[in-house]
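Accompanying notes for the structure given below.
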Protein chains: 2
Amino acid sequence: MKLDKIDKELLNLLQNDSKRTTKEFANELKLSTTAIYERIKRLERSGIITGYVALIDRTKVDRSFTVLCHVKLIQHIKDFVIQFEREVLKLKEVVECFHTSGDYDYILKIHVSDMQAYRDFMITKLTAIRHIGSTQSSFIINEVKNSTAVFLE
Amino acid sequence: MKLDKIDKELLNLLQNDSKRTTKEFANELKLSTTAIYERIKRLERSGIITGYVALIDRTKVDRSFTVLCHVKLIQHIKDFVIQFEREVLKLKEVVECFHTSGDYDYILKIHVSDMQAYRDFMITKLTAIRHIGSTQSSFIINEVKNSTAVFLE
DNA sequence: ACTGAAACATTGGTTTG
DNA sequence: CAAACCAATGTTTCAGT
């Protein structure tokens with residue numbers, strides 16, 4: 001699907017606040033509410049907009065402790081990859097898991113309440129997965145920037 | 001603010017789809033629409049819900065290439081830290097930047113169109129920031145899991 | 001792009017545990 | 001007394017034109 005300038009501006013706005021009304025977007029982008037409405041529906045139908053979600057403040061729900069954990073498998077072979085990925089998907093503490101190039105095979109983002117909870121998570125859940133060679137945990141000291149929005153221009 | 005079981009279930013639902021109606025949530029959680037409505041407002045007022053956003057499919061808007069870039073400063077002193085963080089905030093390609101423990105000082109998530117665009121980004125933008133000692137880029141081969149939702153129980 | 005009907009969010013007054 | 005409910009109003013969405 002081809003996006004014009006207005007589609008991109010609309011996507012930037014929706015990625016920052018999806019609860020504004022079509023009327024507001026219409027005023028800001030100098031179009032009618034119906035025009036905006038139809039553009040949004042088109043973006044949804046085309047699969048560009050995949051959904052709408054609420055974002056929460058993790059510090060207020062006892063999930064302040066975030067860790068980026070680098071994982072290397074014993075051997076990077078198909079069976080091990082499949083099993084590791086399947087097991088990781090089950091772990092609720094893991095919000096992101098990327099298969100990456102570089103020194104490690106995977107990088108995971110993990111949210112828990114505190115260091116003790118992380119220790120428990122590592123011992124009883126993560127390293128319980130077979131074929132893990134080594135891990136290296138980077139604790140998050142500070143979130144300098146943390147956005148879900150991809151800037152379009 | 002104290003959260004009961006229903007608040008947590010409601011937060012789990014809202015984190016996965018915020019466009020459902022209060023009526024739907026009401027049916028699912030066996031409460032009236034007003035009760036759900038009031039709980040949502042309370043979660044918003046308390047700051048637990050920080051906002052609502054649209055999520056997009058990056059592969060459809062020419063931002064398929066994601067890199068996790070590890071950055072080490074020449075020296076981890078206050079002035080360098082402040083300047084680096086200030087400059088990183090300006091870079092639209094950087095969606096996340098975490099100050100971390102471990103071998104590197106920062107881990108950044110970067111969305112660009114392709115490898116060539118990443119090369120341009122590195123040369124003209126990232127390494128143009130002063131005081132960077134070294135960088136190590138991990139290219140994302142596959143997204144095994146990628147969620148914005150923190151599971152509550 | 002406009003309009004009107006239907007669905008939804010929202011509020012005040014009321015009830016319940 | 002706080003949380004849930006009911007009913008009534010104002011907004012937004014959205015199909016048909």
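Letters A, B, ... mirror the listed sequences (proteins, then strands); counts begin at 1.
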Legend entry - Interatomic distance where NZ belongs to B:Lys2 and P belongs to D:dA2 [whole Å]: 17 Å
Legend entry - Distance, rounded to the nearest Å, where B:Leu3 contributes CG and D:dA3 contributes P: 12 Å
Legend entry - Between B:Tyr106 and B:Phe84, ring centroids under 6.0 Å: yes
Inset, instruction - Using whole Å, report how far CD1 of A:Ile36 lies from P of C:dC2. - result: 13 Å
Legend entry - Pair A:His76, A:His99: side-chain N/O donor-acceptor within cut-off below 3.5 Å: yes
Inset, instruction - Taking atom types as modelled, find out whether B:Glu143 and B:Asn146 have a side-chain donor-acceptor pair closer than 3.5 angstrom. - result: yes
Legend entry - Spacing between B:Phe25 atom CZ and D:dA4 atom C1', to the nearest angstrom: 18 Å
Inset, instruction - Provide, to the nearest angstrom, the distance between the NZ atom belonging to A:Lys19 and the C1' atom belonging to C:dA9. - result: 10 Å
Legend entry - Footprint string (nucleotides 12-17 of chain D, 5' to 3'): B base within contact, S backbone only, - free, heavy atoms under 4.0 Å: SSB---
Legend entry - A:Asp114/A:Arg119 ion pair, N-O < 4.0 Å: no
Legend entry - Between C1' of D:dA3 and CD1 of B:Ile40, the distance in whole Å: 15 Å
Inset, instruction - Verify the distance criterion only: is there a donor paired with an acceptor across the side chains of B:Tyr118 and B:Ser137 at less than 3.5 Å? - result: yes
Legend entry - Donor + acceptor pair across side chains of B:Gln83, B:His131 (<3.5 Å): yes
Legend entry - Whole-Å gap separating P (D:dA3) and CZ (B:Arg39): 8 Å
Inset, instruction - For B:Met1 and D:dA3, give me the distance from atom CE to atom C1', rounded to whole Å. - result: 12 Å
